[in-house]
Amino acid sequence: MSDPLTQPVRGFRDQLPPESERTAALEHLARQVFALYGIGEVRLPTLESRELFIKTTGETTDIVEKEMFAFSDAGGRHLAMRPEGTPGTVRAFLDKHLNQQGGACKLFYVGSMFRAERPQKGRYREFGQIGIELFGNPHPAADVEAILALKDLFDRAGLAGRLTLRLNNLGCDESPECRPRFRERLREYLKSREAELCESCRRRLDRNPLRCLDCKGDAEKLTGGAPRLEPCVPCRDHVAQVSAFLGDHGLPHTYPDPALVRGLDYYTRTVFEFQAEGIGSQNAIAGGGRYDSLIASMGGPATPAVGWALGVERTLLAVAAADPEARLLRALAPERKPAVFVALQSQDPRAEAEGMRLMASLRAAGLRTAGGLFAASLKSQMKEAGRQGAPVCIILGDEEIKKEPPSCIVKDMLRSQQSEVPLTQVPEAVRRRLETAP
Ligand code: HAM
């Protein structure tokens, strides 16, 4: 049992520096890439109606059946903490009539998702996703644009050449020859092996046999002999074109990859996943695909769409496996090491007030400032300045503060030199020292 006062709930975690800084840097990088693709941000609610996920993610998916944090509020409303971002984005698209704005609508989101899965390395109950959804373009060019945006982001994070891209075709429900026929053949096959299926697969057999293909228990033993989807001609041509375009862009990928079925119900045609080496068994760092029927199935205007989401923690594990220092991300994180440390020679209310004013004016001048440990001796304040690695230290001495105008000691910690400077000129003096620091 974890201690509720000192430990987070199972599967939930605190993120502290440097991980929290790497997360922020990855998000920053994503925003830069999305600007290149003209993708705007949607900030989604954390809570949605449970019904939304049942109708979109899919009633028979593991996510909805087993993994949702769902509850009823005091008003009896059935709610769920979002397990993924696509349903909320589509709901916002419909709610705000974004289809009526003309042209394509491109949105991205950043935030926590919640799934009550068994926690392990790379699998948490609250995890970060960065995702995009591109609405309105039925052409394979949109699938490729989505995948290239993801690849650009991974390249910039330091993962170039370290990932595997898997691509598959899940067909459509429009043509009876496509997924409907496959569904029937699969159902027959699974029925013939019903005794080998787990309990949830047996339940899903009649309602949605496709879900048995991504069952954590049964998938491997079943996929070998299971019938394969033979997509209808338009579906086949669509994904073949996606594959050809990816080839044009020099993006190696496995296609078709029949084992790639994805765990969500809304996909049509293209599905894809990026996998990383060296991060353990939870190696799918991003996944997505096309979902051309979803919006119409929610009562909206028929709108083609394609998107993906990456897992932030898994991406950071992959970045760390590629470069433990995460140099590319670190370069984007704001520097926190203080440039200047303010210390006091002895406790005196006037000097303390001057010290606090000085720290505020240094920060106002854009200098990272630490100090203010005025209850401690000067010796331990200086020790702390050294521990924090501040290149410049200001000492408000008893003598100097009483002068007219009041002054202080500016100490260059790297050169062990010091000089007396009027308080009003300190920010400028600190800046000069930093500019000429060895
Ligand atoms: P997903 O494959 O379920 O797709 O999740 C996307 C990514 O989120 C995964 O590849 C993985 O990196 C990360 N992830 C999922 N579950 C966990 C977990 N328990 N702990 C840590 N990371 C996790 C979707 O969510 C779709 N909405 C993607 C999409 C957008 N498709 C179309 N548009």
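Whatever order the structure lists ligands and atoms in, that order sets their numbers, starting from 1. Treat the numbers as computed from the prediction; the structure is a model and nothing was measured. No hydrogens, no waters, no symmetry mates; every other heavy atom, side chains included, goes into these values.
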- Does ligand 1 have an atom that lies less than 4.0 angstrom from a heavy atom of E117? yes
Output yes when the distance from some N or O of ligand 1 to some N or O of E313 is under 3.5 Å, and no in every other case.
-> no
Taking only non-hydrogen atoms of G122 and a 4.0 Å limit, the atoms of ligand 1 in range are 20 (N), 21 (C), 22 (N)
Distance col, row E51:CD vs E59:CD, nearest 0.5 angstrom, shows 8.5 Å
**Asked** Is the closest heavy atom of F274 to ligand 1 under 4.0 Å?
**Response** no
message = If you take the centroid of each ring, where Trp contributes its six-membered ring, are F12 and F69 closer together than 6.0 Å?
response = yes
One should read off an interatomic distance between R204 CZ and L213 CG, to the nearest 0.5 angstrom, of 11.0 Å
The closest protein heavy-atom partner of atom 20 (N) of ligand 1 is Y124 N, 3.0 Å
Honestly, for Q129 the part within reach of ligand 1 (heavy atoms, under 4.0 Å) is side chain
request  = Before accepting this row, confirm whether a basic side-chain N of the pair E48/R91 lies closer than 4.0 Å to the acidic partner's carboxylate O.
outcome  = yes
So for G263, does at least one of its heavy atoms come nearer than 4.0 angstrom to any atom of ligand 1?
no
**Prompt:** Under 3.5 Å, N or O to N or O, is R262 touching ligand 1 that way?
**Reply:** yes
One should read off an interatomic distance between L317 CG and N283 CG, to the nearest 0.5 angstrom, of 11.0 Å
Any heavy atom of R115 under 4.0 Å from ligand 1? The part involved is side chain
**Report entry** Geometric N/O contact T86 with ligand 1, under 3.5 angstrom
**Finding:** yes
Whether R368 side chain and K337 backbone form a donor-acceptor pair below 3.5 Å = yes
ask   = Going by an N to O cut-off under 4.0 Å, is there a salt bridge joining R183 and D173?
value = yes
- Message: Using heavy atoms and a 4.0 Å limit, tell me yes or no: is A284 in contact with ligand 1?
- Response: yes
- Answer yes or no: is there an ion pair linking D265 with R211, defined by an N-O contact shorter than 4.0 Å? yes
In terms of its nearest heavy atom to atom 31 (N) of ligand 1, the top option of F272, Y267, F127, Y266 is Y267
Other residues, nucleotides, ligands: >12 heavy atoms within 6.0 Å of K191 NZ
yes
Are any of the N/O atoms on W308, whether in the backbone or the side chain, positioned under 3.5 angstrom from an N/O atom of ligand 1? yes
If you scan protein heavy atoms around atom 27 (N) of ligand 1, the nearest is E84 OE1, 2.5 Å
Atoms of ligand 1 under 4.0 Å from any heavy atom of E133, numbered from 1 in the order shown, are 30 (C), 32 (C), 33 (N)
For G311 and ligand 1, does the shortest N/O to N/O distance drop below 3.5 Å?
yes
Under 4.0 Å from one or more heavy atoms of I285, ligand 1 contributes atoms 10 (O), 12 (O)
Report yes if L310 has an N/O atom closer than 3.5 Å to an N/O atom of ligand 1; otherwise report no.
no
A student checking ligand 1 against G288 at a 4.0 Å heavy-atom cut-off should list atoms 31 (N)
(Q) Regarding D152 and R156, does a basic nitrogen lie under 4.0 Å from an acidic carboxylate oxygen? (A) no
If we number the atoms of ligand 1 from 1 as shown, the ones under 4.0 Å from a heavy atom of G287 are 10 (O), 28 (C), 29 (C)
Exactly one of T86, T56, D292 clears side-chain hydrogen bond (donor to acceptor under 3.5 Å, both in side chains) with Y266, and that residue is T86
* To do: Check the angle between the aromatic planes of F34 and F108 and answer parallel, tilted or perpendicular using the 30° and 60° thresholds.
  => tilted
For A286, the atoms of ligand 1 under 4.0 Å from one of its heavy atoms are 10 (O)
R387/E384 salt bridge by N-O under 4.0 Å criterion: yes
